Amino acid sequence: MTTLDPRAAHELCRQQLALYLSEAERILAAWDAYSDEHTDLDEWPHDDNAYGLRQSQRDAETWRAFNRVRYGAKELLDTAEVQLQKLPGRSIQPRWAWQIATLHTDLDHLTLLQNEWLDVRDTLPPSARPGIEEYDEPLAERNAEAWHYLDEWVLHGQAVLDIHTTVKQRRPGLTTLAPTPAPTLPGQTATPAPARR
């Protein structure tokens, strides 16, 4: 297996982010349509159980859509911060720094929720697997708790793409990436650092 060049890995992560933003918007639009149809004028569900199941489906779909971005999200944010420092002030949208900071915080929460889920999963008996309540319930809880942070990525994730576009337009020679190792994507092995002598 090979490891992507850092620039190619960064480009792939940006593409995955753009795909996430598109998919999450579609998931949210489908949820809004369902919610409008299945609630009364005061926004109370007609059927609490069915509504809760559909909400869980929304949460799970949004988590799955973000999962492909999660591996390179920190590097995307770190690079956006470096790029912001290199851009002239007149090219920068005032909200970008705040949005990148918000996305960092949201990513920290998502990482914590994922780690907590993995800890819970590791304590489950071998009989607990997808489709079994003992497995599905804590997974659904993780997804429900994550949904707010995933939605924040929908609201603010475009800033990462906009910063990159502005860099390409204003500073075509600037291809600075954050000084962090390229993310190891699923199915890849990291290239070990050369040994120090």
Side-chain angles (χ1 to χ4, degrees), residues 12-78 80 98-161 180 183-188 190:
L12 177 59
C13 288
R14 270 198 322 276
Q15 291 171 3
Q16 296 292 9
L17 174 57
L19 182 59
Y20 168 69
L21 296 177
S22 173
E23 284 185 16
E25 289 286 353
R26 179 190 52 77
I27 292 165
L28 184 57
W31 165 252
D32 287 344
Y34 174 89
S35 184
D36 289 347
E37 187 177 330
H38 293 87
T39 56
D40 61 24
L41 294 176
D42 294 323
E43 299 184 0
W44 289 98
H46 299 308
D47 179 337
D48 285 337
N49 189 47
Y51 192 85
L53 289 172
R54 181 60 183 83
Q55 194 169 31
S56 290
Q57 179 186 342
R58 175 204 68 184
D59 299 343
E61 287 176 357
T62 307
W63 178 274
R64 278 192 299 274
F66 185 75
N67 218 21
R68 70 173 64 89
V69 178
R70 197 166 51 85
Y71 298 100
K74 182 172 180 353
E75 189 269 339
L76 280 174
L77 297 175
D78 291 346
W98 174 83
Q99 288 176 300
I100 298 302
T102 298
L103 293 173
H104 266 297
T105 300
D106 294 331
L107 183 60
D108 290 344
H109 286 291
L110 291 168
T111 300
L112 179 64
L113 288 170
Q114 175 65 1
N115 290 339
E116 288 173 354
W117 154 243
L118 293 175
D119 289 344
V120 168
R121 189 188 66 182
D122 289 346
T123 66
L124 296 176
S127 60
R129 59 187 182 279
I132 305 292
E133 184 177 349
E134 195 172 9
Y135 182 98
D136 290 347
E137 190 173 306
L139 181 60
E141 286 176 19
R142 186 230 29 212
N143 294 340
E145 289 179 40
W147 192 83
H148 167 75
Y149 306 112
L150 298 171
D151 191 47
E152 289 275 293
W153 267 81
V154 176
L155 293 172
H156 305 299
Q158 185 64 42
V160 173
L161 305 178
T180 56
T184 302
L185 301 174
Q188 294 180 327

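Since the structure is predicted, the reported quantities are computational estimates derived from the model, not experimental observations.
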#### Entry: Sequence-distant partners of Glu23, salt bridge (Lys or Arg N to Asp or Glu O under 4.0 Å), two or more places apart
Arg68
So do the side chains of [X] and [Y] get within less than 4.5 Å of each other, counting heavy atoms only?
X      : Y      : result
Leu155 : Thr102 : no
Arg58  : Thr62  : yes
Leu110 : Trp63  : yes
Leu17  : Trp153 : yes

### Message
I'd like to check the ring pair (Phe, Tyr, Trp, His ring centres under 6.0 Å) partners of His148; sequence neighbours left out, ordered by chain and number.
### Response
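With neighbours one apart ignored, the set is empty.
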## Note on the structure
Sorted by chain and residue number, the ring pair (Phe, Tyr, Trp, His ring centres under 6.0 Å) partners of His104 (sequence neighbours excluded) come out as none
### Query
Are Leu76 and Leu103 close enough, and set up right, to give a side chain to side chain contact (heavy atoms under 4.5 Å, CB included), and what steps lead you there?
CA-CA 10 Å; Leu76 280 174; Leu103 293 173; over 6 Å; no
Under the side-chain hydrogen bond (donor to acceptor under 3.5 Å, both in side chains) rule, collect the residues that match up with [X], sequence neighbours excluded.
X      : answer
Glu116 : none
Arg70  : Asn67
Thr111 : none
Arg54  : none

Please identify each residue that fulfils side-chain contact (heavy atoms from CB on, under 4.5 Å) with [X], with sequence neighbours left out.
X     : answer
Ala24 : Tyr20, Val154
Leu28 : Trp31, Asp32, Trp147, Asp151
Asp36 : none

#### Entry: Whether Thr105 side chain and Ala101 backbone form a donor-acceptor pair below 3.5 Å
yes
#### Entry: Inter- and intrachain pairs under ring pair (Phe, Tyr, Trp, His ring centres under 6.0 Å), touching residues 115-143, at least two apart
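The answer is Trp117-Tyr135.
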Under 3.5 Å, sequence neighbours excluded: what are the donor-acceptor pairs made by side chains of residues 120-130?
unit_1	atom_1	unit_2	atom_2	d
Thr123	OG1	Val120	O	2.6
Arg129	NH1	Ser127	O	3.0

